[in-house]
Amino acid sequence: MEFTVLTSFPMFLLLVLGLVFLYIKRAHNYWKRKGVSQLKPNLIFGDVKSITTGMKTQSDFYAKIYFNAKSQGLKGIGIYAGWTPVYIPTNAELAKRILVKDFSSFDGSGMYYHEKDSLTMNIFFVGGDQWKKQRTKMTPIFTSGKLKQMFGIIKDKGETMIRIVQEHAELSQLMDIKDLAARYTTDTIAEVAFGLDSNTLRHPQHKLREVGRSMVRPELWKRTVELIFSFDFLGNLGHRMFPSDAYEYFLPMIKSSIEYREKTGFHRVDFLQLLMQLRNSLVSDTSKFQNDQKSSLFSEKEMLSNAFIIYAGGFETSSSTICFAMYELASNPEIQENLRKEIWDSLEKNNQQITYESVSEMTYLNKILKETLRKYPVLSIITRACSRDYDIDNTVTLKKGTRVIIPVTGLHWDPEFYPNPEQFNPENFSPEKITSRPEGTYLPFGDGPRLCIGMRFGVLQSKLALVLLIKDFRFTLDENRKGKPLEFAKGMFLTSSKNPIMIKATKI
């Protein structure tokens with residue numbers, strides 16, 4: 001009997017391994033069976049080994065797939081995250097269809113969220129009716145009127161940043177614009193979101209800044225796992241999207257602020273106060289849920305999760321954009337001087353005052369910011385999930401639940417749409433150039449109904465930072481940095497510089 005057990009177990013194990021191998025091989029022929037071109041997947045990682053292991057940046061990985069598929073005249077291509085099929089549209093018109101025209105078939109973010117992972121139950125991740133309800137309720141938070149009320153707070157943080165730049169200029173010291181921009185946006189979003197005076201500009205070791213750093217450390221393997229396995233499986237397993245200190249620090253901080261306001265009656269114009277009003281149904285509801293009293297309430301979990309995502313989405317995206325814009329302005333003195341002239345002309349027209357309106361009216365500044373987001377899109381991909389079967393054309397149908405990844409960097413770096421895409425050229429966004437390009441070729445904030453809800457805020461704090469920096473200082477790159485290509489950090493979901501970007505400020 002013992003002999004039989006010992007000899008049969010290896011055979012059983014071989015049988016199991018053989019069946020697993022056959023299952024994976026069949027899974028890796030999914031796209032081929034549907035008549036969709038595909039790559040040559042690795043048995044374990046599928047096609048995403050290089051980004052999961054940090055060998056390539058996400059930007060470069062998906063851009064390469066885009067250009068390879070486009071060179072073959074393909075509208076789209078299939079890849080595998082592990083053994084999960086993912087469809088990548090490599091045609092601008094198709095990308096536009098998915099994001100806008102046929103949005104009802106792709107209303108899911110395609111990203112992981114689960115009830116048990118409290119910080120994921122927000123407008124950025126959820127789909128279906130949950131997303132519709134949250135989007136309808138939260139849209140009034142980001143109106144131009146609300147941003148005007150917050151403009152003074154953002155400007156105050158920017159002026160603190162300028163005093164630090166002045167100190168570096170007086171000592172002829174180089175400064176790390178990547179870190180300085182992150183501290184500015186951290187202080188700004190902490191104040192306008194939670195009423196918190198973090199002052200990381202003067203105290204870089206503040207806990208809020210440490211948590212911010214942990215949130216952007218390489219963890220792309222998590223995003224890959226979230227592509228491979230079902231959300232229910234991961235959520236019930238205890239999977240968490242964010243680092244542990246995001247849960248241990250943010251949730252208690254937000255809850256204590258809410259409790260203080262409710263207890264004392266303290267009130268201020270910030271995002272947290274507006275979210276509290278949503279939870280208490282103090283904001284009118286014009287969605288289809290208005291007759292459903294239970295559905296129209298903003299739950300505690302939704303309030304906390306959205307407060308968190310406003311912070312997470314508000315500091316890193318804008319700080320990277322400011323960093324990349326300053327790198328290009330320091331690298332291109334003529335562009336920097338042209339921007340400075342526009343700022344000075346605006347100041348002369350507005351009694352030397354920087355206002356919400358004057359910043360919004362600067363056309364060259366707008367071109368520079370758009371070109372920065374074109375060359376360095378913070379989100380190098382846009383993910384979606386099919387909410388119903390969808391016909392790409394007469395031969396290809398995406399099944400409900402199929403993940404879709406739109407390669408933003410491929411579209412943004414395509415010389416067909418942007419000649420000499422490696423060159424930083426604000427005139428790519430002259431009115432004539434914009435109208436000459438097909439729709440769906442510029443997607444830094446996404447497009448369609450799921451267009452980034454915080455876009456206006458991110459643009460405002462980025463533009464204001466550039467205005468304050470450029471109006472009184474001339475910036476040049478560190479001599480050791482000149483002539484060297486900018487490297488992106490690997491293993492990151494968001495586009496970020498691998499190394500500090502050291503620049504010198506000279507008072508004008």
Side-chain angles (χ1 to χ4, degrees), residues 45 47-66 81 111 124 174-186 189 200 204 208-227 241-246 311-331 372-383 405 407-410 412-413 421-422 424 443-444 458 462 465 477-478 480-503:
F45 292 94
D47 296 304
V48 297
K49 179 180 179 181
S50 59
I51 54 172
T52 305
T53 57
M55 295 166 60
K56 283 187 178 181
T57 66
Q58 184 170 262
S59 299
D60 290 337
F61 175 79
Y62 286 105
K64 183 178 179 180
I65 290 176
Y66 169 88
M111 299 188 71
F124 189 74
L174 291 169
M175 59 184 181
D176 178 4
I177 192 64
K178 178 181 176 181
D179 181 63
L180 185 65
R183 285 150 55 197
Y184 157 71
T185 56
T186 296
I189 197 66
T200 68
L208 194 63
R209 181 73 186 106
E210 291 181 16
V211 174
R213 289 192 190 98
S214 75
M215 286 173 57
V216 298
R217 290 189 189 116
E219 282 193 317
L220 202 58
W221 65 269
K222 275 191 176 184
R223 307 295 83 83
T224 305
V225 166
E226 290 155 9
L227 275 175
M241 172 175 275
F242 300 101
S244 58
D245 52 5
Y311 167 76
F315 96 89
E316 176 62 20
T317 53
S318 294
S319 68
S320 290
T321 300
I322 295 165
C323 167
F324 289 131
M326 289 301 297
Y327 168 80
E328 290 291 350
L329 290 170
S331 302
T372 302
L373 290 165
R374 193 277 304 172
K375 190 174 179 182
Y376 308 100
V378 179
L379 285 172
S380 59
I381 61 172
I382 298 171
T383 60
I405 291 179
V408 175
T409 42
H412 284 199
W413 298 347
E422 300 85 4
F424 186 81
L443 301 169
S462 299
L477 276 183
D478 175 14
N480 295 324
R481 175 76 261 173
K482 290 180 179 178
K484 295 180 180 178
L486 193 63
E487 293 184 68
F488 297 143
K490 296 176 180 177
M492 304 274 285
F493 182 67
L494 301 178
T495 303
S496 178
S497 169
K498 177 182 177 182
N499 302 307
I501 296 180
M502 307 303 294
I503 62 175

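None of the values given here were measured: they were computed from a predicted structure.
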Original post:
Given side chains that start at C-beta, do those of Tyr66 and Thr409 come closer than 4.5 Å, heavy atoms only?
Top reply: no
Subject >> Phe242: partners by ring-ring contact (aromatic ring centres under 6.0 Å, His included), with sequence neighbours left out >> reply: Phe308
Subject >> Contact summary for Ala81 and Val48, nearest pair of heavy atoms >> reply: CA-CG2, 4.0 Å
**OP:** Measure the spacing between CD of Gln58 and OG of Ser380 and express it to the nearest 0.5 Å.
**Re:** 4.0 Å
Subject >> Distance, nearest 0.5 Å, that separates CE of Met241 from CE of Met111 >> reply: 4.5 Å
Original post:
Would you find a donor on one side and an acceptor on the other, under 3.5 Å apart, between the side chain of Arg374 and the backbone of Pro421?
Top reply: yes
**OP:** I would like to know whether Val408 and Ile382 meet side-chain contact (heavy atoms from CB on, under 4.5 Å); could you show each step before the answer?
**Re:** CA-CA 7 Å; Val408 175; Ile382 298 171; 3.6 Å; yes
Original post:
With sequence neighbours excluded, what pairs up with Leu208 under the side chain to side chain contact (heavy atoms under 4.5 Å, CB included) test?
Top reply: Thr186, Ala190, Leu196, Ser198, His206, Tyr249, Phe250, Tyr311
Subject >> Set of salt bridge (charged side-chain N to carboxylate O under 4.0 Å, His left out) partners for Glu487, sequence neighbours left out >> reply: Lys498
**OP:** Look up atom OG in Ser320 and atom CE in Met492, then write down how far apart they are to the nearest 0.5 Å.
**Re:** 7.5 Å
Original post:
Taking all non-hydrogen atoms of both residues, which atom of Thr57 and which atom of Ala489 are closest, and how far apart?
Top reply: CG2-O, 3.7 Å
Original post:
Of all residues at least two apart in sequence or in a different chain, which pass the salt bridge (charged side-chain N to carboxylate O under 4.0 Å, His left out) check with Asp179?
Top reply: Arg183, Arg209
Original post:
Leu379 and Leu494: which non-hydrogen atoms are nearest, and at how many Å?
Top reply: CD2-CD2, 3.4 Å
Original post:
Partners of Lys375 by salt bridge (charged side-chain N to carboxylate O under 4.0 Å, His left out), sequence neighbours excluded?
Top reply: Glu328
Subject >> Contacts of Thr317 that satisfy side chain to side chain contact (heavy atoms under 4.5 Å, CB included) - sequence neighbours left out >> reply: Val378
Original post:
What pairs with Ser318 under side chain to side chain donor-acceptor pair (under 3.5 Å), at least two apart in sequence or on another chain?
Top reply: Gln461
Subject >> Partners passing side chain to side chain donor-acceptor pair (under 3.5 Å) against Asp478 (at least two apart in sequence or in another chain) >> reply: none
**OP:** Can you measure from OG (Ser497) to CD1 (Ile177) and round to the nearest 0.5 angstrom?
**Re:** 12.0 Å
Subject >> With Tyr62 via ring-ring contact (aromatic ring centres under 6.0 Å, His included) - residues at least two apart >> reply: none
**OP:** Quick one: closest heavy-atom pair of Leu477 and Ser331, and the distance?
**Re:** CD1-OG, 3.2 Å
Subject >> By side chain to side chain donor-acceptor pair (under 3.5 Å) - contacts of Asn499 (at least two apart) >> reply: none
**OP:** Using side chain to side chain donor-acceptor pair (under 3.5 Å) as the criterion, list what pairs up with Tyr184, not counting sequence neighbours.
**Re:** none
Original post:
Where is the tightest heavy-atom contact between Val211 and Ala246, given as atom of each residue plus distance?
Top reply: CG1-CA, 4.2 Å
**OP:** Of all the heavy-atom pairs spanning Ile501 and Asp176, show the shortest one and how long it is.
**Re:** N-OD1, 3.3 Å
**OP:** Could you label the plane-to-plane angle of the Phe488 and Phe324 rings as parallel, tilted or perpendicular, counting under 30° as parallel and over 60° as perpendicular?
**Re:** perpendicular
Original post:
How long is the gap from CD1 on Ile503 to NZ on Lys178, to the nearest 0.5 Å?
Top reply: 14.0 Å
**OP:** Calculate, to the nearest 0.5 Å, the distance between atoms OG1 and NZ belonging to Thr53 and Lys490 respectively.
**Re:** 9.5 Å
Original post:
Please walk me through it: do Trp413 and Asp60 pass side-chain contact (heavy atoms from CB on, under 4.5 Å)?
Top reply: CA-CA 10 Å; Trp413 298 347; Asp60 290 337; 3.7 Å; yes
Original post:
Is there a side-chain contact (heavy atoms from CB on, under 4.5 Å) between Thr52 and Lys49 once you walk through the steps?
Top reply: CA-CA 5 Å; Thr52 305; Lys49 179 180 179 181; 5.8 Å; no
Original post:
Does any N or O in the side chain of His412 come within less than 3.5 Å of the main-chain N or O of Tyr376, such that one atom is a donor and the other an acceptor?
Top reply: no
Subject >> Ser50: side chain to side chain contact (heavy atoms under 4.5 Å, CB included) partners, not counting sequence neighbours >> reply: Met55, Lys56, Phe61
